[in-house]
Amino acid sequence: MYRSHNCGELNASHINTEVTLAGWVQKSRDKGFIVWVDLRDRYGITQLVFDEERTSKELIERAQNLGREFVIQVKGKVIERASKNPNMPTGDIEILVSELNILNEAKLPPFTIEDKTDGGEDIRMKYRYLDIRRNPVKNSLIFRAKVTQEVRNYLSNEGFIEVETPYLIKSTPEGARDFVVPSRMNEGQFYALPQSPQTFKQLLMVGGMDKYFQIVKCFRDEDLRADRQPEFTQIDCEMAFIEQEDILNAFEGLTRHLLKEVNGVEVDKFPRLLYDDAMRLYGNDKPDIRFGMQFGELNAVTQHKDFGVFNNAELVVGIAVPGGNSYTRKEIDKLIDWVKRPQVGALGMIYSRCNDDGTYKSSVDKFYNQDDLAKWAEITGAKTGDLVCVLSGETNKVRAQLSALRMELAERLGLRNPKIFAPLWVIDFPLLELDEETGHYHAMHHPFTSPKPGQIELLDSKPSEVKANAYDLVLNGNEIGGGSIRIHDKTTQAIMLKHLGFTEEEAKAQFGFLMDAFEYGAPPHGGLAFGLDRLVAILGGQETIRDFIAFPKNNSGRDVMIDAPAPIDDEQLNELSLKLNLKS
Ligand code: ASP
């Protein structure tokens, strides 16, 4: 028996018990005749004491030679501590050691295994197994396990069946590039790793499974924008014989359950916002509604004066910054520089101060009088003491810019409190999205999403106006889930694929299996998928997903610990009938 107890459970009730513990040496304090060692395992830290008078000289010498992270086993008696530590669960006791076994020595770790470590990101990733010994990472992984456990509990109780789907498949378009795997047995042919199990879960509905879920890895070969991973985990779900309303209720239920069980937070019914309204009011399809600062469109009250910048703009839009009138001229100039940074891309910013005496002072007083500025304040909801910030330009761009400013200001004002949870549904997304570069439309969600009833006729005449039965679940400014009601008949699916630019042959080659299935009695169905990594991070009150993933990849998609990806040797290439044609 390696241990009778773990390092987190002994307390005053165990005094005088003989125990055996095993773990890692966190640190030691050597007073010559007495040595204290902190012994650590997953459960906590227990103080060991080696005392010349009460044990032996030989033992204390061995204790003096213990290095950090040595793996040891000790036997001894639980005794009361002279100076107690009320901040730790084991703080009332220590172990008077009578036997010490070194199970394994350890090299000096390349960074300190403490909550606040001296190790940078790269070194921590290279030695991730050491990083995992640190509380912040360990606790994040335990937290993740709790969330997934609750997901399984809830969905299983609701009658969902967990079904695994294959990883070696054929492309499922979710808008990214596929990772491909060469097939040795089928020369010159490749599998694609799933961007999601989308088509399989639809086929499970055709197969009559009725309610499916899976906690599943998905793979997308994208340029890694901040805090994305090439492989990530979804809670993937699908239901048959449902309408959009059923899906929203089912997964609102799951989210509510998680918030309650994991965070102890009860939330009201989730608000629902039309996609068009989300864009109009927040310039963003994943609005953070923990705070107000809604957009106010100002075209009507700005555009028939002599101010050319506004007159020529497709959209003039502003937000009220609470208490912003206290900003100095210099601070406002800095804000203007901030919106002009290439990452935001605004050409400038106009502002109007809402003075304490009820007057206004704007940067365009030449063109706008007090009545005009009063309207700006009214429309943006600005009160005395606030600052109205106004951007103008092409609608989509200016919305994105003002949305970035809104989030930045909220951050600075401390309005993005990670302890507050504000979920909402964004519904009625457009079916198609115009790719500005190619001039082609592609599916905003994916090609299996159904248009709103009666709108399919619009596909030819006004494609960008067609709305989809598609919805996103948004939490604190992050999209944590998204899905749709699916097309479940071959004709509509064929029309959709045609509009996405597939020839009939291409459609058949890529999605023939799905369209065939639709001819054998496909029930109406729909579903959604949550991004588990992000969901866990937000519930855990963190912005970044990395510490909630045991072995994440870096920004270049590398695992620096195992050093992957890596070249393969000629023999392996040969076996796969592959020849390299490297560009560099
Ligand atoms: N497969 C979709 C995705 O990965 C989710 C869904 O439509 O259910 O975003």
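Starting from 1, each residue takes its place in the sequence as its number. Order of listing sets the numbers, starting from 1, for every ligand and every atom in it.
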Practice prompt. Before signing off on this row, confirm whether Lys201 and ligand 1 have an N or O atom pair separated by under 3.5 Å.
Written response: yes
Worksheet item: Is there a nitrogen or oxygen of Ser196 sitting under 3.5 Å from a nitrogen or oxygen of ligand 1?
Response: yes
Element-labelled atoms of ligand 1 that are located less than 4.0 Å from some non-hydrogen atom of [X]:
X: Gln234; value: 3 (C), 4 (O)
X: Arg486; value: 6 (C), 7 (O), 8 (O)
X: Ala529; value: 5 (C), 8 (O)
X: Gly483; value: 6 (C), 7 (O)
X: His445; value: 5 (C), 6 (C), 7 (O), 9 (O)

Thinking salt bridges, do [X] and [Y] make one under a 4.0 Å N-O criterion?
X: Glu222; Y: Arg228; result: yes
X: Glu162; Y: Arg152; result: yes
X: Lys490; Y: Glu519; result: yes
X: Arg406; Y: Asp288; result: no
X: Glu504; Y: Lys508; result: no

Fill in: Working for side chain to side chain contact (heavy atoms under 4.5 Å, CB included), residues Lys286 and Leu475
CA-CA 8 Å; Lys286 42 181 193 315; Leu475 182 58; over 6 Å; no
Worksheet item: Starting from atom 5 (C) of ligand 1, which protein heavy atom do you reach first, and at what distance in Å?
Response: Gly482 O, 3.5 Å
Response to the item:
atom 2 (C) of ligand 1 has as its nearest protein heavy atom Glu174 OE2, 3.3 Å
Worksheet entry | Sidechain-backbone polar pair: Asp285 side chain, Ala278 backbone, donor-acceptor under 3.5 Å | no
Worksheet item: Is a side-chain donor or acceptor of Tyr191 paired with a backbone partner of Val180 at a separation under 3.5 angstrom?
Response: no
Worksheet item: Has Gln195 got any heavy atom lying under 4.0 angstrom from an atom of ligand 1?
Response: no
Worksheet item: Under a heavy-atom criterion of less than 4.0 Å, does Arg220 contact ligand 1?
Response: yes
